[in-house]
Amino acid sequence: MEIKGKKVGVAFTGSFCTFDKIFIELEKLVAAGADVYTIFSESSQKIASRFGTPEEFLKRAEEITGRKPILTIGEAEPIGPKGYLDVLVIFPCTGNTVAKLANGITDTPVLMAAKAHLRNNKPLVISISTNDALGMNMKNIGLLLNAKNIYFVPFGQDNPIKKTNSLIAHTDKLIPTLEGALDGVQVQPILEAW
């Protein structure tokens with residue numbers, strides 16, 4: 001299903017090293033005709049890092065999408081009853097968020113958005129970015145790979161020598177993954193070398 005005309009939620013978590021790539025894909029979504037809503041976790045809206053400040057990230061998201069980001073659990077909750085998103089992507093999805101999602105914890109705006117969206121039997125896409133994916137978080141990723149209405153942006157080991165447990169999504173595969181998810185199909189291959 002084509003992304004044009006679809007309402008797409010893009011939920012940011014704290015993998016700041018990937019934000020530059022994510023903003024590029026956000027621009028591509030808007031250029032492709034998607035109606036984009038952004039959601040920011042507390043970490044992504046409060047922590048300054050060597051990759052930028054929260055104020056810069058929030059401003060850039062608003063400039064690209066033309067709407068203010070969703071910043072609180074209360075603002076994210078209506079995604080469920082109002083059912084206004086066609087697809088939601090957690091982009092990037094940290095190991096912390098993966099673990100909480102797999103275990104039903106809803107304590108951030110991003111996790112509330114995911115829970116609210118999934119209650120409508122609509123697709124949730126995960127764009128993994130975590131240094132412990134092949135370690136402590138592998139069990140959580142496995143649970144989500146087998147969950148109904150959850151899809152993954154293809155991913156691989158970004159640095160298998162120095163960061164043996166790290167996995168990161170191929171962010172350039174976002175739009176095909178979203179389109180597949182809207183059709184109920186996991187884009188393949190899901191594992192791709194870097």
Run the numbers on Thr130 and Val98 for side chain to side chain contact (heavy atoms under 4.5 Å, CB included), then give the verdict. CA-CA 9 Å; Thr130 177; Val98 164; 5.6 Å; no
Candidate pair Ile64 and Phe23, rule side chain to side chain contact (heavy atoms under 4.5 Å, CB included), full reasoning: CA-CA 8 Å; Ile64 293 169; Phe23 281 116; 3.7 Å; yes
Kindly determine whether Val110 and Ile39 satisfy side chain to side chain contact (heavy atoms under 4.5 Å, CB included), including the steps that lead there. CA-CA 6 Å; Val110 167; Ile39 303 113; 4.1 Å; yes
Does the side chain to side chain contact (heavy atoms under 4.5 Å, CB included) test come out yes or no for Asn149 and Asn121, once each step is laid out? CA-CA 7 Å; Asn149 295 323; Asn121 287 313; 3.4 Å; yes
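Using a 4.5 Å cut-off on side-chain heavy atoms (C-beta onward), Thr108 and Ile73 make no contact. Using a 4.5 Å heavy-atom threshold, the side chains of Thr97 and Leu111 count as touching. Put simply, the side chain of Pro109 does not reach to within 4.5 Å of the side chain of Glu75, judged on heavy atoms. The side-chain heavy atoms of Ile90 and Val125, taken from C-beta on, include no pair separated by under 4.5 Å. Contact annotation: the side chain of Lys173 approaches that of Glu192 to within less than 4.5 Å [non-hydrogen atoms, C-beta and beyond]. In this structure the side chain of Val36 reaches within 4.5 angstrom of the side chain of Leu29, judged on heavy atoms. Proximity of Ser129 to Ser127: side-chain heavy atoms (C-beta onward) are nowhere separated by under 4.5 Å.
A 6.0 Å sphere centred on NZ of Lys122 holds more than 12 heavy atoms belonging to other residues, nucleotides or ligands.
Side-chain N or O atoms of Glu56 include none that pairs as donor or acceptor with a backbone N or O of Gly52 at under 3.5 Å. Listed for the Arg67 side chain is no donor-acceptor partner under 3.5 Å among the backbone atoms of Glu62. Under a 3.5 Å cut-off, the side chain of His170 and the backbone N or O of Val153 do not form any donor-acceptor pair. With hydrogens and angles disregarded, no donor-acceptor distance shorter than 3.5 Å links the side chain of His117 to the backbone of Gly80.
For the pair Lys163 and Asp158, the salt-bridge criterion is met [side-chain N within less than 4.0 Å of a carboxylate O]. A salt bridge does not link Glu179 to Lys6: none of the charged side-chain nitrogens sits closer than 4.0 Å to a carboxylate oxygen. A salt bridge links Lys28 with Glu25: the closest approach of a Lys/Arg side-chain nitrogen to an acidic carboxylate oxygen falls below 4.0 angstrom.
Atom CD1 in Ile150 sits 9.0 Å away from atom CG in Leu145 (nearest 0.5 Å). Separation of atoms CG (Leu71) and CG (Leu58) is listed at 6.0 Å; rounding is to 0.5 Å. Separation of atoms CE (Met138) and CG (Leu143) is listed at 10.5 Å; rounding is to 0.5 Å. Remark: Leu134 CG to Ile141 CD1 distance equals 7.0 Å, nearest 0.5 Å. Between the CD atom of Gln45 and the OG1 atom of Thr38 there is a distance of 10.5 Å, given to the nearest 0.5 Å. The CZ atom of Arg60 sits 9.0 Å away from atom CD of Glu63, with the distance rounded to the nearest 0.5 Å.
Nearest heavy atoms, Thr177 versus Phe152: CG2-O, 3.5 Å. What you find for Cys93 and Thr13 is that their closest heavy atoms are CA-OG1, 3.7 Å. Tyr37 and Lys7 get closest at one heavy-atom pair: OH-NZ, 3.8 Å. Taking all atoms of both residues into account, the shortest heavy-atom contact from Pro81 to Glu77 is CD-O, 3.2 Å. The two residues Thr164 and Gln157 come nearest to each other via the heavy atoms O-NE2, 3.1 Å. Contact record, Ile3 with Ile175: CG2-CG2, 4.3 Å, taken as the closest heavy-atom pair.
In the hydrophobic clustering of ILVMFWY residues, with side-chain heavy atoms under 4.5 Å counting as a link, Leu144 and Leu88 come out together. Under the 4.5 Å side-chain contact rule for hydrophobic residues, Val89 and Val87 share a cluster. In this structure, Ile70 is a member of the same hydrophobic cluster as Leu118, with clusters built from ILVMFWY side-chain heavy atoms closer than 4.5 Å. Under the 4.5 Å side-chain heavy-atom criterion for grouping Ile, Leu, Val, Met, Phe, Trp and Tyr, Tyr151 is not connected to Ile126 through any hydrophobic cluster. Val187 and Leu124 fall into different hydrophobic clusters, where Ile, Leu, Val, Met, Phe, Trp and Tyr are joined by side-chain heavy atoms under 4.5 Å apart, directly or via other members.
Ring centroids of Phe19 and Phe12 are separated by less than 6.0 Å, placing the two rings close together. Between Phe57 and Phe51, the ring center distance fails the sub-6.0 Å criterion.
None of Asn165, Asn140, Asn137 except one satisfies the side-chain hydrogen bond (donor to acceptor under 3.5 Å, both in side chains) rule with Asp132; the exception is Asn137.
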